[in-house]
Amino acid sequence: MLNYQDAPTPVHLIKDSKLCANGIQVYLKRDDLIHPFISGNKWRKLKGYIEDAKKTKCTKLVTFGGAFSNHLIATACAGAIHGFETKAFVRGEYVDLNNPVLTLCRIFGMELLPISKDDYLVNKNQSIPKNKEEYWINEGGFGILGTIGCAQIIDELEEEYDHIICAVGTGTTAAGLINGIEEHQKKTKIHGIAVLKKASYLNLEIKELTHSEPTNFQLHTDFHYGGYGKVNAEITDYIKYFAKAFGVLLDPIYTAKMMLATIELINSSEIKPGQKVLCLHTGGLTGILSEKMMKKF
Ligand SMILES: *Cc1c(COP(=O)(O)O)cnc(C)c1O
């Protein structure tokens, strides 16, 4: 398996009154420190695909994403590091290719093809023929090969935790954590915090990616704060609070929702006094870079 920088990523105790009540300890695994552009779980997921692409002698990585996708910039940069051409279908015909994220993608050599929402869906479902030098990676790195690197997060843990909490987009990271816990026969409960509305379908998608029926796993579907990319003052205030208090930046799309959900799970006693919790900082700071989002801070 390809290596990433500075593995294992550090684990920091968060000394915060909202999180530490009743002897509860909350730790943060800093996957955001993996790489400035191949952020967090995007590298965990990509390395399985990059290894497979090398095996199959493909020369170009092709993938899909929205205009502010962490996955696109990660693929552009990781592709460049590993000697691949890269190409991405970007959702929306009139998307601004000069936005901060897509500009970085272009600088790393990625070819960008803006397509309509309908065509995007067709392509995403991989129904168009591809060249044999092309290696297609699902939107967000969804898939079995993406889970392997995420399961390694569990290999890196030196302590036992009662709960591990992560944000859920495609569910690939959560599935990897579930597989890792099973491989190590640990009793840790995995909590996935869905960041989109009506996300219970993700239970099925996650089941497809796990070795066996996930038993000690819960997908929480009530912490989306209005849906994917939706942000309110509670979220922006918390990001500002957290950044100032701990010098760690959360993102409004994924990790801020994950941390706020952790507080709720403590308040609702789903996390019990004295228990040890690991929150996964999956990285992903591009969500903050859109003009619309920046104005909210
Ligand atoms: C993409 C992303 C996720 C979602 O991960 P999945 O494996 O798709 O569930 C979570 N957090 C951050 C910061 C991300 O960029």
Side-chain angles (χ1 to χ4, degrees), residues 9 28-49 63-78 88 101 104-105 124 137-153 164-180 190-196 199-210 214 217-221 223-225 228-229 231 235 239 242 248-262 279-290 293:
T9 54
L28 190 63
K29 185 158 173 67
R30 299 293 309 278
D31 270 16
D32 55 316
L33 299 177
I34 286 178
H35 190 281
F37 304 115
I38 314 171
S39 121
N41 67 346
K42 296 302 180 281
W43 175 234
R44 301 269 188 195
K45 291 192 273 188
L46 274 172
K47 59 186 184 169
Y49 297 109
T63 195
F64 313 86
F68 285 88
S69 161
N70 291 311
H71 170 67
L72 288 195
I73 172 69
T75 306
C77 184
V101 176
L104 284 168
C105 288
K124 198 175 108 169
I137 300 172
N138 284 332
E139 182 183 46
F142 174 80
I144 300 268
L145 289 176
T147 63
I148 300 168
C150 298
Q152 289 172 345
I153 292 168
I164 296 179
I165 304 178
C166 74
V168 169
T170 67
T172 306
T173 304
L177 294 174
I178 294 166
N179 289 340
I190 305 292
H191 299 263
I193 309 301
V195 301
L196 43 136
S200 48
Y201 74 96
L202 284 167
N203 273 309
L204 274 177
E205 309 247 313
I206 289 169
K207 211 163 85 178
E208 262 179 49
L209 302 180
T210 51
F217 167 68
Q218 191 174 349
L219 181 72
H220 298 271
T221 54
F223 299 122
H224 55 71
Y225 294 86
Y228 186 80
V231 170
I235 292 176
I239 289 173
F242 204 87
V248 176
L249 192 56
L250 300 171
D251 84 297
I253 318 287
Y254 296 102
T255 51
K257 292 182 181 180
M258 183 272 301
M259 287 308 306
L260 286 168
T262 302
C279 293
L280 184 61
H281 194 320
T282 35
L285 302 170
T286 59
I288 232 162
L289 295 177
S290 79
M293 191 67 80

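Whatever order the structure lists them in is the order used to number ligands and atoms, beginning at 1.
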Among T282, L209, D32, N41, which one has a heavy atom closest to atom 3 (C) of ligand 1?
->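 Closest candidate by heavy-atom distance is N41.
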Quick check: does any side chain N or O of [X] sit under 3.5 Å from a backbone N or O of [Y], one acting as donor and the other as acceptor?
{"X": "H281", "Y": "L249", "value": "yes"}
{"X": "N41", "Y": "T173", "value": "no"}
{"X": "T221", "Y": "S200", "value": "no"}

Check: K45/T172 side-chain N/O donor and acceptor closer than 3.5 Å =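 Per modelled atom types, K45 and T172 side chains form no pair under 3.5 Å.
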Can a non-hydrogen atom of [X] be found less than 4.0 Å from any atom of ligand 1?
{"X": "G283", "result": "yes"}
{"X": "K45", "result": "yes"}
{"X": "G40", "result": "no"}

Show me the donor-acceptor pairs within less than 3.5 Å that the side chains of residues 250-260 make with the rest of the protein, sequence neighbours left out.
from : atom 1 : to   : atom 2 : distance (Å)
D251 : OD1    : Y254 : N      : 3.4
D251 : OD1    : T255 : N      : 2.7
D251 : OD1    : T255 : OG1    : 2.7
D251 : OD2    : I253 : N      : 3.1
D251 : OD2    : Y254 : N      : 3.0
Y254 : OH     : Y228 : OH     : 3.1
T255 : OG1    : D251 : N      : 2.8
K257 : NZ     : H224 : O      : 2.8
K257 : NZ     : G227 : O      : 3.0
K257 : NZ     : K230 : O      : 3.2

Just need the protein heavy atom nearest to [atom], so name the residue and atom and give the distance.
{"atom": "atom 4 (C) of ligand 1", "value": "G169 N, 3.5 Å"}
{"atom": "atom 7 (O) of ligand 1", "value": "T173 OG1, 2.6 Å"}
{"atom": "atom 10 (C) of ligand 1", "value": "Y254 CD2, 3.3 Å"}

Could you give me the CA-CA distance, side-chain angles and deciding distance for T282 and D31, then say whether side chain to side chain donor-acceptor pair (under 3.5 Å) is met?
-> CA-CA 5 Å; T282 35; D31 270 16; over 6 Å; no
For the student: nearest non-hydrogen atoms of K47 and R44, plus distance |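 It is CG-O, 3.6 Å.
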Provide the closest heavy-atom pair for V101 versus S69 in the form atom of the first, atom of the second, distance.
->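 Of all heavy-atom pairs spanning V101 and S69, the closest is CG1-O, 3.7 Å.
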Purely on distance, is any nitrogen or oxygen of G140 under 3.5 Å from one on ligand 1?
->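 So ligand 1 has no N or O lying under 3.5 Å from an N or O of G140.
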Heteroatom distance test (T170, ligand 1): nitrogen or oxygen, under 3.5 angstrom |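 Yes; the residue has a nitrogen or oxygen that sits under 3.5 Å from a nitrogen or oxygen of the ligand.
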Using a 4.5 Å cut-off on heavy atoms from C-beta on, say whether the side chain of L209 contacts that of F142.
->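 Yes. Closest side-chain heavy atoms under 4.5 Å.
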Contact atoms of ligand 1, heavy-atom distance to V168 under 4.0 Å |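 Reading through ligand 1 atom by atom, the close ones are 9 (O).
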Using heavy atoms and a threshold below 4.0 Å, how should the contact between [X] and ligand 1 be classified: side chain, backbone, both, or neither?
{"X": "K42", "result": "side chain"}
{"X": "N70", "result": "side chain"}
{"X": "V195", "result": "neither"}

